[in-house]
Amino acid sequence: MDQNEISAVNTVCSKNCFATCPLKVYVKDDKVIKVEGNNNNPITRGKICAKGRVYPEIVNSKERILYPLKRTGARGEGEYENISWDEALDLIYMHFEKIRREDGPEAVLYYQGSGNFGVMRKYAYSFWHQFGGYTGTIGDLCDPAAEEGMKYTYGWRTQNSLEDLLNSKLIILWGGNPAHTNIHAMYFINEAVKNGSKLVTIDPRRNESSSKSTLHIYPRGGTDGLLAIGIAKLLVENSIVDNNFIEQYTFGFEKYKEFLKEYTVEEVCRLTEVPLEELNKLVELIKENPKYAMMLGYGFQRYTNGGQTIRAVSLLPAITGSIGEKGCGIYAGESQGTLLKWPYFPEEPTRIRLSIPKGRLASEIEKIDSPKIKAMWVEKANPLNSNPNVGKLKTTLDKLDFIVVTDSFLTDTAKYADLVLPAASFLEEDDLVAAYGHPYIQLKQKTVSAPGQCKKDREIYRLLGERFKLDMKYLPKDDIEILSNVIKYSGLNITVEEMKNKPYIPEDYDEIAFRNKDFKTSSGKIEFYSEDIFKDWGVNQLPVYEEPFESKYSSKEDYLKYPLQLITAHALERINSQFTESKKLNDIFTPVIHIHPEDAKVRNIDSGDMVKIYNQRGEVFVKAKIVEGIKIGAVNVFEGLSESTKVSVNNLIEDMITDMGFGASYHTCLVEVKKLDK
Ligand SMILES: Nc1nc2c(c(=O)[nH]1)N[C@H]1C(S)=C(S)[C@@H](COP(=O)(O)OP(=O)(O)OC[C@H]3O[C@@H](n4cnc5c(=O)[nH]c(N)nc54)[C@H](O)[C@@H]3O)O[C@H]1N2
Ligand SMILES: Nc1nc2c(c(=O)[nH]1)N[C@H]1C(S)=C(S)[C@@H](COP(=O)(O)OP(=O)(O)OC[C@H]3O[C@@H](n4cnc5c(=O)[nH]c(N)nc54)[C@H](O)[C@@H]3O)O[C@H]1N2
Ligand code: SF4
Ligand SMILES: [Mo]
């Protein structure tokens, strides 16, 4: 092809985002010049967000790391010299081999984040298994409390198709903000509302998805489990119950009914700070529409009680039999990733120590012994920005002998590394990506060559394997051959060639989740009462409410000093810590703290004032923005802002984990806010 011609390549956005949009990427002279949505997916309908459109700016950015970098300054300073790949591999070999010999392979912590999705992530284990072992993480920063909560209640996580929202007369959006985080779901919600559906939103913030809601409920953060108990009580007391459904398809309802008696509605209203009229309004709406759609976000499971909260909330539709039919059900994300099977695992060594919860990295690295962690490998992650308790994590990481980070940018974490390896971007590789917001599996096609000396993570592992004299030959060198084999091994009825133009949907995909009431719990039913949850996590079989670890009632002394509850919702212009390199996005997005007028007034704060947000763990400086639509006593700063913008909100958050799933409990956090002198 003529080098000056513009070509369009079909690929997919593989960032950690519900949407997983198919993209049309325009390329000229091996450079990405423009990105558009691809029309070939009925859910995404050719639409993409502003982040998708700034990819040319990101992948062509002057800030991209193009060579392996060896640290020359102190950790965190960002002083590096360029070195060759040969030197970089030698350095890794020298450190890792010594550690493996003297301390054992478990002295290396392997840390993989969610910066880029695709089945090729599994390639890493070809190296780590043959290395003889490692220490790995358990749980996740994201939503494992939701995953576990759903598992013990419904057996697994799935949802009706997004199109089916158009059949819902009532949609309850609970602790989610799809206008930012799941734009295609928001489209279907808006269409449903246009057609006359009612929308209820439940969030301590009147969030960006609430504008069309008929009812917005502002619970005190972390009390949603209790709120759900209150609603369940009112449903049961008013006989808004589908007894047939309950009898046939659920387990433990009688015990649950007894359990509801332990709570009074007055207590629910007092602790959740939701007025009884609002509870009644919601119950009235459910009475009118007992079959409704409930969309769960992740914001309300980022608390120490997150798993039980998800159980309490997700049980509500079961009470009115609102499961397994058109226009109803729970939207909790898809689990299509499990359909992609990786055929290339070398034999698993016995010395894999999976023991450090990602959400407690700061505290656990130091505690672990025999052997102690000496080195760390970080890929697709930015823990010094994304993980809780960043201040403590810095101190912890500073004690390690050797840190390797692979990334495209000199992130907060990369600045702590001894060696930074230049990663190819997602537009420079082939892969298969399963979405979690819709059921399609799509092909990510390489659109351009990786610039400079950048390499795909898997190429890095191949080189490393060869340097360690491991057997890397069993993995085909050609990525398309690997993907073809994944497709065959996973039993998908499609070829890589066909996927270039169309997304894949499994033949047995059903747009109605649980149509056959096939709940994969121990009892085969929806479990109001779960024996397994007690056995596996030591929590109550019933969704008992517990105050979050740090709150107005559970840590009264702290509350006197830090009386505001900090929420860190996800921003429209970011995917977690990513996209800070885009000037176009930075121009439209300034870090601020949202604060209620009454909370601002007593602190003498006006919109635009610089304020300090602080607590016992750290401090952060931002501008204030006074907003009516936030609960009194709660403040919000969007998460994921880079330290280079002087906002690292995770300085303020304790590295506590959730009641199940080893999740991070980001929203369990009290702070105070103070106006800064000009
Ligand atoms: N644009 C964009 N899209 C994204 C991401 C991103 O960073 N940016 N990240 C992706 C990832 S990794 C994830 S996990 C998802 C997250 O997707 P969402 O769950 O939709 O997003 P969050 O902002 O975490 O939380 C949603 C809402 O929960 C509210 N909330 C906080 N505490 C409580 C509470 O106690 N009760 C209730 N009822 N609500 C509460 C917050 O105010 C927020 O509006 O989005 C994905 N999509
Ligand atoms: N306060 C607060 N903090 C949060 C949250 C919150 O709600 N509140 N949400 C949390 C959630 S839900 C999540 S999922 C986490 C995510 O946190 P992380 O797992 O850290 O993910 P990202 O910030 O998306 O990306 C991390 C890095 O991956 C790099 N990267 C991208 N693609 C590649 C690649 O192909 N190879 C390599 N080697 N690197 C690549 C990016 O440049 C980026 O620096 O953040 C969490 N942090
Ligand atoms: S970030 Fe999300 S919404 Fe934006 S293009 Fe990527 S997948 Fe689509
Ligand atoms: Mo996430």
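FYI, side chains are in, hydrogens and waters are out, and symmetry mates aren't considered; it's all heavy atoms of this structure. Order of appearance sets the numbers: ligands from 1, and atoms from 1 within every ligand. In this text the structure is predicted, and so the values were computed from the model without any measurement.
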### Query
Can you list the atoms of ligand 3 that are under 4.0 Å from a heavy atom of A19?
2 (Fe), 3 (S), 7 (S), 8 (Fe)

### Message
Does ligand 1 come near enough to F18 that some N or O of the ligand is less than 3.5 Å from an N or O of the residue?
### Response
no

### Query
Is there any N or O on H570 that sits under 3.5 Å from an N or O of ligand 1?
yes

### Query
Against heavy atoms of H180, which atoms of ligand 1 measure under 4.0 Å?
1 (N), 2 (C), 3 (N)

### Message
Is there a polar contact, in the sense of an N or O pair closer than 3.5 Å, between C142 and ligand 1?
### Response
no

### Query
Has K15 got its NZ or CZ under 6.0 Å from the middle of the six-membered ring of F117, at an angle within 45 degrees of the ring axis?
no

### Query
Is it true that atom NZ of K502 has more than 12 heavy atoms of other residues, nucleotides or ligands lying nearer than 6.0 Å?
no

### Query
Is it true that R45 and E163 have a side-chain N and a carboxylate O under 4.0 angstrom from each other?
no

### Query
Looking only at heavy atoms of D143, does any of them come nearer than 4.0 Å to an atom of ligand 1?
no

#### Entry: Close aromatic pair by centroid cut-off 6.0 Å: F638 and H594
yes

### Message
Suppose we call two aromatic rings close when their centres sit under 6.0 Å apart. Are H667 and F300 close by that rule?
### Response
no

### Task
Could you tell me whether R205 and ligand 1 have an N or O pair separated by under 3.5 Å?
yes

### Message
What protein heavy atom lies closest to atom 4 (Fe) of ligand 3? Include the residue and the distance to one decimal.
### Response
C49 SG, 2.3 Å

### Summary
If we number the atoms of ligand 1 from 1 as shown, the ones under 4.0 Å from a heavy atom of N177 are 20 (O), 26 (C), 44 (O)

### Task
Please indicate whether any nitrogen or oxygen in G221 is less than 3.5 Å from any nitrogen or oxygen in ligand 1.
no

### Query
Has ligand 1 got any nitrogen or oxygen that is less than 3.5 angstrom from a nitrogen or oxygen of C17?
no

### Query
Short N/O distance, under 3.5 Å, between R220 and ligand 1?
no

### Message
Closer than 4.0 Å to some heavy atom of A569 - which atoms of ligand 1 meet that?
### Response
23 (O), 43 (C)

### Query
With atoms numbered from 1 as shown, which atoms in ligand 1 lie under 4.0 angstrom from a non-hydrogen atom of L572?
1 (N)

### Task
Step through it carefully: locate the ring centre of F579, locate the ring centre of Y55, and say whether they are under 6.0 Å apart.
yes

### Query
Could K233 and E267 be called an ion pair, given the rule that one side-chain N must be under 4.0 Å from one carboxylate O?
no

### Query
Just which atoms of ligand 1 are under 4.0 Å from any heavy atom in Y436?
10 (C), 11 (C), 46 (C)

### Query
Between R617 and E550, is there a side-chain N and carboxylate O pair less than 4.0 Å apart?
yes

### Task
Specify whether an N/O/S atom of C17 falls short of 2.8 Å from atom 2 (Fe) of ligand 3.
yes

### Query
Should Y440 and T20 be marked as a side-chain contact (heavy atoms from CB on, under 4.5 Å) after you check the CA-CA gap, both sets of side-chain angles, and the distance that decides it?
CA-CA 9 Å; Y440 292 91; T20 318; over 6 Å; no

#### Entry: Exceeds 12 heavy-atom contacts within 6.0 angstrom, atom NZ of K198
no

#### Entry: Minimum heavy-atom distance between V9 and K446, given as atom pair plus value
CG1-O, 3.8 Å

### Message
Quick test: of every protein heavy atom, which one is nearest to atom 1 (S) of ligand 3, and how far off is it to 0.1 Å?
### Response
K51 CE, 3.5 Å

### Task
To the nearest 0.5 Å, tell me how far N650 CG sits from T568 OG1.
6.5 Å

### Query
Which ligand 3 atoms, with their elements, are less than 4.0 angstrom from a heavy-atom of T20?
7 (S)

### Query
What protein heavy atom sits nearest atom 6 (Fe) of ligand 3, and how far away is it?
C13 SG, 2.4 Å

#### Entry: Candidate list V313, L315, I310, test side-chain contact (heavy atoms from CB on, under 4.5 Å), partner T153, passing option
L315

### Task
Output the distance between atom CG (L276) and atom CG (L234), rounded to the nearest 0.5 Å.
7.0 Å

### Message
Below 4.0 Å, non-hydrogen atoms only: which portion of S114 touches ligand 1? Side chain, backbone, both or neither.
### Response
neither

### Query
Where on D203 is there a heavy atom closer than 4.0 Å to ligand 1, on the side chain, on the backbone, on both, or on neither?
both

### Query
So, Y298 versus Y666, ring centres under 6.0 angstrom or not?
no

### Query
Above 12 or not: heavy atoms from other molecules or residues under 6.0 Å from CD of E273?
yes

### Query
Any non-hydrogen atom of R302 lying under 4.0 Å from ligand 1?
yes

### Task
Give the intermediate values and the outcome of side-chain contact (heavy atoms from CB on, under 4.5 Å) for residues F426 and E429.
CA-CA 6 Å; F426 80 101; E429 61 176 12; 4.2 Å; yes

### Task
Would you check whether Y218 reaches within less than 4.0 Å of ligand 1, judged by its heavy atoms?
no

## Note on the structure
Residue, atom and distance of the protein heavy atom nearest atom 47 (N) of ligand 1 read T181 O, 3.1 Å

### Summary
Near W174 (heavy-atom distance under 4.0 Å), the atoms of ligand 1 are 38 (N)

## Note on the structure
The atoms of ligand 1 lying under 4.0 Å from a heavy atom of K51, numbered in the order shown, are 1 (N)

#### Entry: Contact partition for T44 relative to ligand 3, non-hydrogen atoms under 4.0 Å
neither

#### Entry: Contact check: C21 to atom 6 (Fe) of ligand 3, N/O/S below 2.8 Å
no

### Query
Would K15 count as a contact of ligand 1 if the rule is a heavy atom under 4.0 Å away?
no

### Message
Geometry only, no angles: is E573 polar-contacting ligand 1 at N/O separations under 3.5 Å?
### Response
no

### Message
Distance under 4.0 Å to a non-hydrogen atom of E639: what atoms of ligand 1 satisfy this?
### Response
7 (O)

